[in-house]
Amino acid sequence: MTIRVIIVDDQAMVRAGFAALLSAQADIDVVGEAPDGRQGVEVSRHTHPDVVLMDVRMPEMDGLAAARELLNPPTGVVHLPKVLMLTTFDVDDYVYEALRAGASGFLLKDAPPADLIAAVRVVAAGEALLAPSVTRRLIADFAAQRPAQRRDPGLRLKGLTPRETEVLELIARGLSNQEIADRLILAEQTVKTHIGRVLAKLGLRDRAQAVIFAYESGLVSPGDAP
């Protein structure tokens, strides 16, 4: 299946470079681009991409506001793309807020070309781009700074089984499905089943939101060892 992508960035050279790189892949089709968040939302609504590469800082409407519009659309809009944030900073408040809004992860603009291609495929497949240690650090740092934003999510944790709680904790610590399976002596497919149940019970969109929920609920604390 071909992955439909749009690129939203205020730098024409960045858009052109990313488009050329991604279009060269047999399984990726760049179906549109935009120079700011407002136009990015419009292009997305018309082209229905699977993945939106969204720059964080742009004129007119920044990437955070655009991500919120795409991931929390008005009544009547049913298309929900995956949003992958692009940033030049390894720790960025905007990126954290975008993850909380439902973005599937973030990627540094100066990442190697192979990482960009892999990121698009990972996000399109429904996974969150949370493997890099810098992402775990970003989420931990900002979760630690924002205890006032908690809305008693601990009550929602009571709906999880002990095994599901354990899986959620390991997700938040940055372990992959295979690493969780090895740690708990489970089949990887069983881990995926547990993750699906955790997301459904907690009303979370994806792995990214699960990580943030785990920090904000106090299940995992910044600095905890993997």
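Start at 1 with the first residue, then count along the sequence.
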Side chains of V52 and P49: does their closest heavy-atom pair fall under 4.5 Å?
yes
Quick check for you: to the nearest 0.5 Å, what is the distance between L175 atom CG and E169 atom CD?
10.0 Å
Heavy atoms only: give me the nearest V5-L22 pair and the separation to one decimal.
CG1-CD1, 4.2 Å
Qualifying residues under side-chain contact (heavy atoms from CB on, under 4.5 Å), relative to A111, sequence neighbours excluded:
L107, D115
Residues in side-chain hydrogen bond (donor to acceptor under 3.5 Å, both in side chains) contact with Q189, at least two apart in sequence or another chain:
none
Apply the test side chain to side chain contact (heavy atoms under 4.5 Å, CB included) to residues D62 and V56: give CA-CA distance (whole Å), side-chain angles for both, the deciding distance (0.1 Å), then the verdict.
CA-CA 6 Å; D62 65 28; V56 171; over 6 Å; no
I195 meets the side-chain contact (heavy atoms from CB on, under 4.5 Å) criterion, sequence neighbours left out, with V167, I171, N177, V191, L199, R207
Non-neighbouring partners of E164 that pass salt bridge (charged side-chain N to carboxylate O under 4.0 Å, His left out), sequence neighbours left out
K201
Checking side chain to side chain contact (heavy atoms under 4.5 Å, CB included) for the pair E69/M61: CA distance, chi angles, key distance, verdict?
CA-CA 11 Å; E69 285 208 19; M61 177 186 285; 3.2 Å; yes
If you apply the rule side chain to side chain contact (heavy atoms under 4.5 Å, CB included), what do you find for V83 with M85, and how did you get there?
CA-CA 6 Å; V83 176; M85 306 302 297; 3.6 Å; yes
Taking the side chain as C-beta and beyond, is there a heavy-atom pair between V8 and L53 under 4.5 Å?
no
Kindly write out the residues that satisfy ring pair (Phe, Tyr, Trp, His ring centres under 6.0 Å) with H79, not counting sequence neighbours, or none if the list is empty.
H48
Minimum heavy-atom separation for V30 to A19, with atom names?
CG2-O, 3.9 Å
Enumerate the residue pairs fulfilling salt bridge (charged side-chain N to carboxylate O under 4.0 Å, His left out) with a member in residues 2-24, sequence neighbours excluded, ordered by first and then second residue.
D9-K109, R15-E33
Side-chain donor/acceptor of T190 to backbone N/O of L186, under 3.5 Å:
no
Just how far is it from atom CG of L64 to atom CZ of R57, taken to the nearest 0.5 Å?
10.5 Å
Applying salt bridge (charged side-chain N to carboxylate O under 4.0 Å, His left out), can you list everything that pairs with E166, at least two apart in sequence or on another chain?
R163
Show, in sequence, the C-alpha distance, side-chain angles and deciding distance for L168 and V211, and conclude whether the side chain to side chain contact (heavy atoms under 4.5 Å, CB included) test is met.
CA-CA 8 Å; L168 175 59; V211 172; over 6 Å; no
Lys/Arg N to Asp/Glu carboxylate O, R183 vs E179, below 4.0 Å
no
Check: S44 side chain, G40 main-chain N or O, donor-acceptor pair, under 3.5 Å
no
Roughly how far, to the nearest 0.5 Å, is CG of L116 from CZ of R121?
10.0 Å
Any donor-acceptor N/O pair, S217 side chain to A214 backbone, under 3.5 Å:
yes
In chain order, what residues pass the salt bridge (charged side-chain N to carboxylate O under 4.0 Å, His left out) check against R197, with sequence neighbours excluded?
none
Report the residues that fulfil side-chain hydrogen bond (donor to acceptor under 3.5 Å, both in side chains) with N72, sequence neighbours left out, ordered by chain and then residue number.
none
Hits for side-chain hydrogen bond (donor to acceptor under 3.5 Å, both in side chains) against D29, two or more places apart or cross-chain, chain-then-number order -> none
Provide the full list of salt bridge (charged side-chain N to carboxylate O under 4.0 Å, His left out) pairs with a residue in residues 34-51, sequence neighbours left out, each pair given once.
none
Can you list every pair that meets ring-ring contact (aromatic ring centres under 6.0 Å, His included) and has a residue in residues 165-194, with sequence neighbours left out?
none
Closer than 3.5 angstrom, by distance alone: can the side chain of Q25 be matched with the main-chain N or O of L21 as a donor-acceptor pair?
yes
Pairwise side-chain contact, L219 with F213, heavy-atom cut-off 4.5 Å (strictly under)
no
